[in-house]
Amino acid sequence: MAKKRPTKISLTRVRDEARGCRACDLYRHATQTVFGEGPARAALMLIGEQPGDAEDLSGHPFVGPSGKLLDRALADAGIDRATVYLTNVVKHFKFEPRGKRRIHKKPRAGEIDACRPWLETEIALVKPQVIVCLGATAAQALLGSAFKVTQQRGVVVASPLPARVLATVHPSSILRAPDEEARRLEMKQFTADLRAAARALSSS
Ligand code: SF4
């Protein structure tokens with residue numbers, strides 16, 4: 001089936017178009033498309049990998065456990081979530097059923113490429129001054145497959161995008177930290193990376 005290309009009209013119109021996207025197979029098992037949300041012209045855009053279980057059910061990005069952790073880190077970094085545009089590189093939840101649970105599965109390169117027109121359209125319409133990639137999938141989708149979040153997190157890096165771009169970890173990785181102390185340190189570093197984004201914003 002031919003890819004359904006978003007039309008550059010308005011974010012609302014594009015969001016509506018994305019509801020019917022069939023450009024890869026991920027729509028088949030997911031509940032719904034989870035498009036980005038936030039102000040139509042946000043200065044800061046955060047981009048994650050894909051919606052999780054709670055996002056798939058609610059239809060909104062970053063509302064599950066990772067989203068709650070992100071909310072705390074944003075508040076600690078002095079960033080009002082209401083001013084941020086939040087989205088993902090892939091708009092449908094990819095998972096593997098395990099009993100009654102649905103376990104997150106990393107999207108393939110072909111799925112990321114199929115979904116890319118939606119993300120490119122969001123960036124083109126929202127026109128953020130600063131973009132933060134949350135996790136390796138988002139960072140590598142936007143900055144190339146050689147990009148290493150562990151080595152270049154929290155710093156503005158060269159990119160072809162019309163914005164200053166930084167990368168950090170995905171908040172879900174903090175939830176997977178092996179113990180409380182590791183989680184506390186990860187959270188501290190994550191918040192520091194978001195503060196760096198806020199500084200990049202004020203200097204852009
Ligand atoms: S994941 Fe993206 S490309 Fe695939 S069907 Fe959903 S919206 Fe379309």
Side-chain angles (χ1 to χ4, degrees), residues 1-42 44-67 70 84-98 101-128 131-145 147 149 159-163 165 167 169-173 175:
M1 183 182 292
K3 279 185 188 177
K4 184 165 181 166
R5 291 261 164 196
T7 335
K8 282 191 185 176
I9 297 175
S10 74
L11 214 44
T12 308
R13 171 73 182 271
V14 177
R15 184 177 288 116
D16 285 347
E17 286 185 21
R19 285 187 225 283
C21 182
R22 303 288 183 263
C24 78
D25 280 344
L26 294 185
Y27 76 93
R28 290 182 187 277
H29 303 291
T31 307
Q32 58 196 313
T33 305
V34 181
F35 205 73
E37 287 183 358
R41 290 296 293 266
L44 179 60
M45 178 182 279
L46 303 190
I47 304 174
E49 181 192 81
Q50 63 161 337
D53 187 76
E55 288 78 11
D56 171 75
L57 295 173
S58 71
H60 302 289
F62 291 96
V63 293
S66 294
L70 176 63
V84 178
Y85 189 90
L86 287 160
T87 192
N88 288 294
V89 290
V90 166
K91 311 292 194 232
H92 275 105
F93 180 34
K94 182 174 182 180
F95 61 92
E96 197 172 82
R98 206 172 293 165
R101 297 181 62 210
R102 303 188 298 170
I103 307 299
H104 162 274
K105 218 174 155 193
K106 191 173 156 59
R108 286 186 290 107
E111 292 154 349
I112 291 169
D113 284 346
C115 219
R116 193 180 294 276
W118 298 117
L119 179 61
E120 288 176 349
T121 305
E122 287 175 296
I123 294 171
L125 291 176
V126 176
K127 297 184 172 43
I131 291 174
V132 179
C133 302
L134 300 173
T137 300
Q140 291 177 357
L142 289 165
L143 300 167
S145 56
F147 188 88
V149 172
S159 99
L161 295 165
V165 184
V169 296
H170 193 280
S172 63
S173 70
L175 295 171

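As the structure lists them, so they are numbered: ligands from 1, and atoms in each ligand from 1.
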Practice task
Around atom 8 (Fe) of ligand 1, list the protein N/O/S atoms within a radius below 2.8 Å, excluding water molecules.
Solution key: Cys21 SG
Problem - Listed partners of Arg98 passing salt bridge (Lys or Arg N to Asp or Glu O under 4.0 Å), at least two apart - result: Glu96
Handout entry: Donor-acceptor side-chain pairing of Ser58 and His60 below 3.5 angstrom
Key = no
Fill in the blank from the handout: Sorted by chain and residue number, the side chain to side chain contact (heavy atoms under 4.5 Å, CB included) partners of Ala42 (sequence neighbours excluded) come out as Pro39, Tyr85, Val126
Problem - Arg116 side chain vs Ala141 backbone, donor-acceptor pair below 3.5 Å - result: yes
Handout entry: Criterion side-chain hydrogen bond (donor to acceptor under 3.5 Å, both in side chains) against Gln50, the qualifying member of His92, Glu55, His104, Glu111
Key = His104
Exercise for the section: Using ring-ring contact (aromatic ring centres under 6.0 Å, His included) as the criterion, list what pairs up with Phe95, not counting sequence neighbours. Expected result: Phe93
